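Remarks on the structure that follows.
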Amino acid sequence: MQNQYNPAVLEAEVQSSWVNNRTFEVSEDPNKEKFYCLSMFPYPSGKLHMGHVRNYTIGDVIARYQRMLGKNVLQPMGWDAFGLPAENAALKNRVAPAGWTYENIEYMKKQLKRLGFGYDWRRELATCQPEYYQWEQWLFIELFKKGLVYRKNAVVNWDPVDQTVLANEQVVDGRGWRSGALVERREIPQWFIKITDYADELLDEIDQLEGWPEQVRTMQRNWIGRSFGVQMDFGIEGQTEVLTIYTTRPDTLMGVTYVAVAAEHPLALRAAEQNPELADFIEACRQGGTTEAELETIEKKGMPLGINAVHPVSGEIIPVYAANFVLMGYGTGAVMAVPGHDERDHAFAIKYNIPIKQVIRPKDGSSLDIQAGAYVEKGILQDSGPFSELSSEEAFDAIADWLQERGKGAKSKNYRLRDWGVSRQRYWGTPIPMIHCAQCGIVPVPQEELPVRLPEDIVYDESTINPIKNNSEFSACRCPKCGGEAERETDTFDTFMESSWYYARYTSPGADAMLDERANYWLPVDQYVGGIEHAVLHLLYARFYHKLLRDAGLVKSDEPFTHLLTQGMVVADTYYREKADGNRDWFNPTEIDLVCDEKGRPLTAKLKADSEPVVIGGNEKMSKSKNNGIDPQALIDRYGADTVRLYTMFTSPPDQSLEWRDDGVEGAYRFLKRLWALVESQQTTLSTLLPGEVAYGESQKESRRELHELLKKALYDYQRHRFNNVVSACMGMTNILYKLGGSKADMVILKEGLSLVLRLLAPISPHVAHHLWRELGFGDEILESDWPEPDEDALKQESLAYVVQVNGKVRATIQVPAGAEKSVAEQLALENENVLRFIGDLTIRKVIVVPNKLVNIVAN
RNA sequence: GCCCGGGUGGCGAAAUUGGUAGACGCAAGAGACUUAAAAUCUCUCGACCUUCGGGUCGUGCCGGUUCGAUUCCGGCCCCGGGCACCA
């Protein structure tokens, strides 16, 4: 009786053999080509979700593939352990964030091991450990000393009831998520790192990141958004100070009919002192959140300050408005407005009855109605005094020069990118290593006193929002400069700080420095794998941090990640019911029965519990808030890791979003069982089969040709990371093997075919592949076997199938001898009955022959 | 609002990215085996027409380039991701 496929038992056995043999523990080996394969580390939220499973399977497949190619492969894993969810859990369950986090890590680590990922666990790190974050504190102080760190006011979401700063996620429909109070914008002092000092390098080097998806490179370029424009000063009537603005369209300068400043601009605040109506307006402008999406879509409102600006060229007097869409924190907090040539300014001018002037006309001389809509293209200047009749391009230089000569402005380079605000008013994060001294001001913590430890033994009750904010035990300290009483900074770092350098720390576990020389063996990361949602922020901060590490002498490379694979989202249907208070109850897909029509289209969805209908909300990224996550654990328990891995690889290409459906998992499981049964049924024969000369018949040659054709395709798909196609090819090869007969020659082909399938499958479903490889006597460790190569002899064909088209429509397929001249293919095509039928009386005008593919006969 | 993707059978997808649209799998249907069921195996499976040879249409929509377009170009529609304090 043959062995049954029992993944739970098999996978445990194989995994313990990997542990015992230390299969995935690696060290620096200068004689071998290194390959550093990294998946984005998880936030320890509780348990793995499908997005993790997908991410880490992709990473593990690449790591094992590269290993089978003979490289020295490093694949580490760790935990992005600081963050908001731990504080939320703490508030909800009255447990300390540290304990909650470490328990989650323990559970999720078990899950990762159960999935058979080949990590070198000796390098594991959690970012909430002082041994980790102390180096971040150390680097921050280094940056402070270099002048790359500064403090300034920045806008946050303020909950006026809970008296706390809210994360964007905690603002729901303009209200605080706990208090329900309308959120306000407020400015508080925060720490910034000068990422804009590196903007040019970050932008220009994108060109060299050839292993990155073009999509991500484009997003980063646009995010940095370098523009060339002019900075200039508008005078203020009756005052000596000036309003400095930046524009990319100085050619429209003569069309300026007003200037807008932020509601919090000092000019507006001063004007409000004598103007209660304006004061109310400024107060009203505080309302709302801070996200760009919100600011760009709010109703644009403004109010004249009763102050006038002086046009730098014409000396014309123009009104200054306070406007809710201009933010103090961004740029200079003031903009010039050209309603004739900017859509937003146009809408604002119509609303407040401000004059609209046309100063640019189309180059083609066509006329337009500037009152009806802005003309935003470049063109020829008109009504622009000395600059009239210049082109927009000429005017750019002429106006910039004019301003510069008079000390009123200059050409200037600008970025959309803003400096990195790293302060967070939260507990569960890395303490910012700074001290506030009444005498000496800001003083960094002496580096020999690091780490500044975050107190972890915190007692939570309902009122605990931030346990270190008013905790004198933590904040009271001595000033390192004058020795007097001082206070510690109680803000913590943005968690992007930790995730910006973890990839480097994996290379230097235990180092008594931020990094040691091992970093330069492994870095840069050869393949980074993670969600597309990180395309800009995380990936840009990590690139920036790498340059900071380089400039601190810690690494030699310029960029952290040579190749990037951005995996698509795992999405699932959402289902909800509207509650009386307007909020929604979200139901998990597993709680839902779909009622479909005969074609399988969903008609309605009903909740299993009460058989009443629910609203189908559409496909969205799996998330807690929409309750549409699928717990992978149940699938692993039922089918085993190999099946779950196989299914997630097979069902979509890695960079596309994966629409979750349970059905397909069964198919993946069936395939593994089929492969298992094929090996086990012939195990005795195959394991003792000696290689020898065999003569293949025609159908056997054809089987071998098809096998090697599929192998060739699979190898190509491995290179381009199309693992869904690799699985397809494995299935196709297995189907061919099932159709073989029982002769000696068939057995030889079966054994050869299995050796190919198992090696192709080894990175994807490693436990099964490992076991069957040994069963067939190929060797002890499939990971150490040679990567397969197609047999060119097997691929040779005597004749090839050509498609014959008449006027672009397929009319026949014909067999043409391999390597035949074009004329031979043409002649054979013209002998075909169906082809002749369609040519009929028509005259042949042209015959196109694409070698090995088709013949197209053009006739009329 | 801005930036970036995507849209192909009932479903997930494939097409070596200008050359046979739908490989592989799921679901469904029919049959074989079985007392029966499960499992397994075989066949069918885009739509319409058909004299059963084949024909017409079909890759979100409209238009263009080409002997030939899922693929390239222009314009739209819908869906998803990001927008700096979720990670």
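Quick caveat: nothing in here was measured; it's all calculated off a predicted structure. Chain A is the first sequence line, chain B the second, and so forth, proteins listed ahead of strands; every chain is numbered from 1.
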(request) Answer with yes or no whether the side chains of A:T290 and A:N168 bring together a donor and an acceptor at under 3.5 Å. (result) yes
(request) Compute whether any side-chain donor of one residue and acceptor of the other, for A:S799 and A:Q815, lie under 3.5 angstrom apart. (result) yes
(message) Can you build the contact string for nucleotides 14-23 of chain B? Use B for base contact, S for sugar-phosphate-only contact, and - for no protein heavy atom under 4.0 Å.
(response) SSS--BB--B
(message) Is the distance between the ring centroids of A:Y647 and A:W660 under 6.0 Å?
(response) yes
(message) With a 4.0 Å cut-off on N to O distance, would you call A:R661 and A:D663 a salt bridge?
(response) yes
(request) Say whether A:N860 and A:R845, considering side chains only, have a donor N or O and an acceptor N or O under 3.5 Å apart. (result) yes
(message) Both atom distances under 3.5 Å, Watson-Crick or G-U wobble: I'd like the secondary structure of RNA chain B as a dot-bracket string, with | for pairs made across strands.
(response) (((((((..(((......[....))).(((((.......))))).((((....))))..(((((..]....))))))))))))....
(message) Could you tell me how far B:C24 sits from B:A15 if I compare only their P atoms? Round to whole Å.
(response) 14 Å
(message) Taking the cut-offs as 6.0 angstrom to the six-membered ring centre and 45 degrees off its axis, would you call A:R424 and A:F493 a cation-pi pair?
(response) no
(request) May I ask you to check whether over 12 heavy atoms, not counting those of A:N6, lie within 6.0 Å of atom CG? (result) yes
(request) For A:Y802, report the nucleic acid contact type (base, sugar-phosphate, nothing); a contact means any heavy atom under 4.0 Å. (result) nothing
(request) Please work out whether B:G60 sits syn or anti, treating a glycosidic angle within 90° of 0 as syn. (result) anti
(message) What I want to check is whether the side chains of A:N157 and A:R186 have a donor and an acceptor closer together than 3.5 Å.
(response) no
(request) Specify the separation, in whole Å, of atom CZ of A:R837 and atom P of B:G55. (result) 6 Å
(request) Decide if the gap between the ring center of A:Y503 and the ring center of A:Y528 is smaller than 6.0 angstrom. (result) no
(message) Using the C1' atom as the point on both nucleotides, what is the distance between B:G6 and B:U65, in whole Å?
(response) 24 Å
(request) Report yes or no: do A:W191 and A:E489 form a side-chain donor-acceptor pair below 3.5 Å? (result) yes
(request) Please examine the side chains of A:L537 and A:W223, heavy atoms only from C-beta on, and report whether any two atoms are closer than 4.5 Å. (result) yes
(request) Return yes if a side-chain donor-acceptor contact under 3.5 Å exists between A:D419 and A:T196, otherwise no. (result) yes
(request) Would you mind telling me which of B:A87, B:C85, B:G54 lies closest to the side-chain atoms of A:D80? (result) B:A87
So which protein N/O to nucleotides 56-59 of chain B N/O distances come out below 3.5 Å?
unit_1: B:U56; atom_1: OP1; unit_2: A:R811; atom_2: NH2; d: 3.2
unit_1: B:U56; atom_1: OP2; unit_2: A:R811; atom_2: NH1; d: 3.1
unit_1: B:C57; atom_1: OP2; unit_2: A:K809; atom_2: NZ; d: 2.8

Shorter than 3.5 Å, N or O on both sides, protein versus nucleotides 80-83 of chain B: list them out with atom names.
unit_1: B:C83; atom_1: O2'; unit_2: A:E292; atom_2: OE1; d: 3.0

Check the interface with nucleotides 41-46 of chain B: list each N/O to N/O pair with the protein under 3.5 Å, or write none.
unit_1: B:C41; atom_1: OP1; unit_2: A:R674; atom_2: NH1; d: 2.7

(message) Does A:K469 qualify as a cation-pi partner of A:Y427, given the criterion of NZ or CZ under 6.0 Å from the six-membered ring centre and within 45 degrees of its axis?
(response) no
(request) Establish, from distance only, whether the side-chain atoms of A:D159 and A:T164 form a donor-acceptor pair under 3.5 Å. (result) no
(message) Both A:P42 and A:N735 contact RNA chain B. Taking the nearest nucleotide for each, which residue is further toward the 5' end?
(response) A:N735
(message) Applying salt bridge (charged side-chain N to carboxylate O under 4.0 Å, His left out) as the test, list every pair that has at least one member in residues 212-221 of chain A; sequence neighbours left out.
(response) A:D207-A:R221, A:E214-A:R217, A:E214-A:R221
(request) Confirm from the modelled atom types if A:Q190 and B:C85 form a donor-acceptor pair under 3.5 Å, side chain to base only. (result) yes
(message) Please classify B:G9 as syn or anti, treating any glycosidic angle within 90° of 0 as syn.
(response) syn
